[in-house]
Amino acid sequence: MQTIRDWLQRHLNDPQVVALTIVLLVGLGIVVFFGDMLAPVFTALVVAYLLEGVVQKLERWTGRGTAVGVVFALFIAGFGLVLFALVPTLTHQIAQLVENLPRMLDRGQEALLRLPERYPDFFSTEQARAILASIRQESVDFGRRVVASISLSQVVKLFTLIVYAILVPLLVFFFLKDKDRLLDWLNRCLPRHRHLARTVWHEVDVQIGNYVRGKFVEILIVGIAAYVIFILLGLQFAALLAVITGLSVIIPYIGATVITVPIAIVAYFQFGPSMEFVWVMVAYALIQAVDGNVLVPLLFSEVVNLHPVAIIVAILVFGGIWGFWGIFFAIPLATLINAVINAWPRSLPDHRDEAGTAHDPTAVQRR
């Protein structure tokens with residue numbers, strides 16, 4: 001107990017440590033208590049952070065205002081393409097997938113009933129029927145949950161999404177246009193003793209910026225490559241499967257494994273146990289191999305310096321707290337914690353002794 005008391009007294013006497021602690025607690029409090037209300041602001045911050053690198057590169061040849069205008073126009077064009085081209089395609093393919101589910105279940109039932117005939121030593125008729133009963137029950141429960149979710153609350157959520165679609169681009173524009181003014185205002189709100197907090201921020205700023213931009217590029221490359229390959233192989237629901245394949249890279253080590261299941265199911269029910277099915281799975285494995293062994297080292301070689309166990313723990317913890325955004329920012333948040341630990345003073349000098357030495361000229365002579 002005395003050791004803890006001494007540690008607290010030693011560190012809380014340092015104004016730099018106190019300032020850093022206050023900044024971290026205030027930031028955590030804003031996210032925890034106002035995260036839902038400020039979701040458009042956080043989303044716009046992420047997008048602005050993503051676009052800032054492009055703005056800075058264009059700023060070398062043009063002014064800040066022109067660079068912001070060009071980048072924001074490209075962002076609106078991409079946002080409109082996603083909203084009016086990709087989203088309807090995904091909606092249509094999801095509807096087709098739902099329509100094909102009964103046929104897929106029938107084929108799955110036939111395959112399960114043939115298992116006792118093909119492998120009598122491993123499967124019995126009773127086991128196959130038990131599996132089928134379990135699948136039917138899960139399907140019924142899933143249908144009930146879907147029907148129950150379609151209510152007035154969905155209308156409210158749809159209205160909220162429309163508001164977000166208007167607010168987020170506006171906030172992105174002002175974050176980019178008035179970046180210096182906003183940073184100056186934020187700087188005035190920070191504690192006076194902020195050297196330690198600034199040191200942590202400078203270390204994290206570069207890594208988070210590179211991580212967000214690199215992750216966005218990785219999602220685009222993997223998603224486009226998957227779409228082209230699935231189209232060439234004639235796989236159904238190519239756009240839908242390509243999107244989830246691209247988004248799977250958000251969760252390192254886990255996403256690729258989880259997304260393997262729906263791709264294998266769709267390919268199996270479309271092609272059956274044939275060479276086409278094998279080619280689809282080989283192509284998917286090749287995409288993940290190129291992503292893990294080529295893209296990730298190129299994009300994140302100087303960004304992520306964390307052990308895989310630390311990354312998995314961060315994904316589980318922050319994903320459990322903040323859902324999708326917790327998963328997306330698990331690595332940056334773990335990097336922030338690591339930066340705080342590295343910057344936290346191990347041992348603090350005795351300020352009183354330094355002060356006495358500085359003001360007592362005879363102290364140096366005595367020494």
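Reckoned from all heavy atoms, side chains included, excluding hydrogens, waters and symmetry mates.
Side chain of Tyr284 to backbone of Ala256: a donor-acceptor contact under 3.5 angstrom is found. Using modelled atom types, one side-chain atom of Gln270 and one backbone atom of Gln236 make a donor-acceptor pair closer than 3.5 Å. Put simply, the side chain of Lys179 never gets that close to the backbone of Glu52: no donor and acceptor are under 3.5 Å apart. Using a distance-only test at 3.5 Å, with no hydrogens or angles considered, no donor-acceptor pair links the side chain of Thr66 to the main chain of Thr62. Without hydrogens or angle criteria, Asp291 side chain to Ile287 main chain gives no donor-acceptor distance under 3.5 Å.
Grouping Ile, Leu, Val, Met, Phe, Trp and Tyr by side-chain contacts under 4.5 Å, direct or through others, puts Ile231 with Tyr227.
The shortest non-hydrogen separation linking Ile244 to Pro262 is CD1-CG, 4.1 Å. Of all heavy-atom pairs spanning Pro169 and Phe72, the tightest one is O-CE1, 3.1 Å. Contact between Ala334 and Ala314 at its shortest, heavy atoms only, is CB-CB, 3.9 Å. Nearest heavy atom pair, residue Gly246 against residue Ile219, reads O-CG1, 3.6 Å. In terms of heavy-atom proximity, Ala48 sits nearest to Phe175 at CB-CB, 3.8 Å. Between Leu233 and Phe271, the closest heavy-atom pair is O-CZ, 3.6 Å.
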For this session: Output, in order, the C-alpha distance, side-chain angles, deciding distance and verdict of side chain to side chain contact (heavy atoms under 4.5 Å, CB included) for Gln288 and Ile259.
Result: CA-CA 11 Å; Gln288 296 299 337; Ile259 300 304; 6.0 Å; no
For this session: Would you check, one step at a time, whether the test side chain to side chain contact (heavy atoms under 4.5 Å, CB included) holds for Leu171 with Val41?
Result: CA-CA 7 Å; Leu171 289 171; Val41 178; 4.1 Å; yes
Problem set entry | Evaluation steps, side chain to side chain contact (heavy atoms under 4.5 Å, CB included), between Ile76 and Phe173 | CA-CA 10 Å; Ile76 291 298; Phe173 175 75; over 6 Å; no
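Phe79 and Val87 are assigned to two separate hydrophobic clusters, defined by single-linkage of ILVMFWY side chains at heavy-atom distances under 4.5 Å. Cluster membership for Val243 and Val228, using ILVMFWY side-chain heavy atoms within less than 4.5 angstrom, is not shared. Note on Leu74 and Val54: same hydrophobic cluster, where clusters join Ile, Leu, Val, Met, Phe, Trp and Tyr whose side-chain heavy atoms are under 4.5 Å apart, directly or indirectly. Cluster annotation: Phe237 and Ile94 are assigned to the same hydrophobic cluster (Ile/Leu/Val/Met/Phe/Trp/Tyr, side-chain heavy-atom contacts under 4.5 Å, transitive). Under the 4.5 Å side-chain contact rule for hydrophobic residues, Leu38 and Tyr164 do not share a cluster.
Applying the salt bridge (charged side-chain N to carboxylate O under 4.0 Å, His left out) rule to Lys177 yields no partners; only residues at least two apart in sequence or on another chain are considered. In terms of the side chain to side chain donor-acceptor pair (under 3.5 Å) criterion, Lys57 has no residue partners (sequence neighbours excluded).
Distance OG1/Thr89 to CZ/Phe84: 13.0 Å, rounded to 0.5 Å. Annotation: the span from Arg64 atom CZ to Asp178 atom CG amounts to 9.5 Å, rounded to 0.5 Å. Between Leu241 atom CG and Gln93 atom CD the span is 7.5 Å, to the nearest 0.5 Å. Here the straight-line distance linking atom CD1 of Ile229 with atom OG1 of Thr245 works out to 10.0 Å at 0.5 Å rounding. With rounding to the nearest 0.5 Å, the separation of CG in Leu176 from CD in Gln56 is 10.0 Å. Annotation: the span from Leu240 atom CG to Thr91 atom OG1 amounts to 10.0 Å, rounded to 0.5 Å.
Within the cation-pi definition used here (under 6.0 Å to the ring centroid, within 45° of the axis), Arg213 qualifies as a partner of Tyr49.
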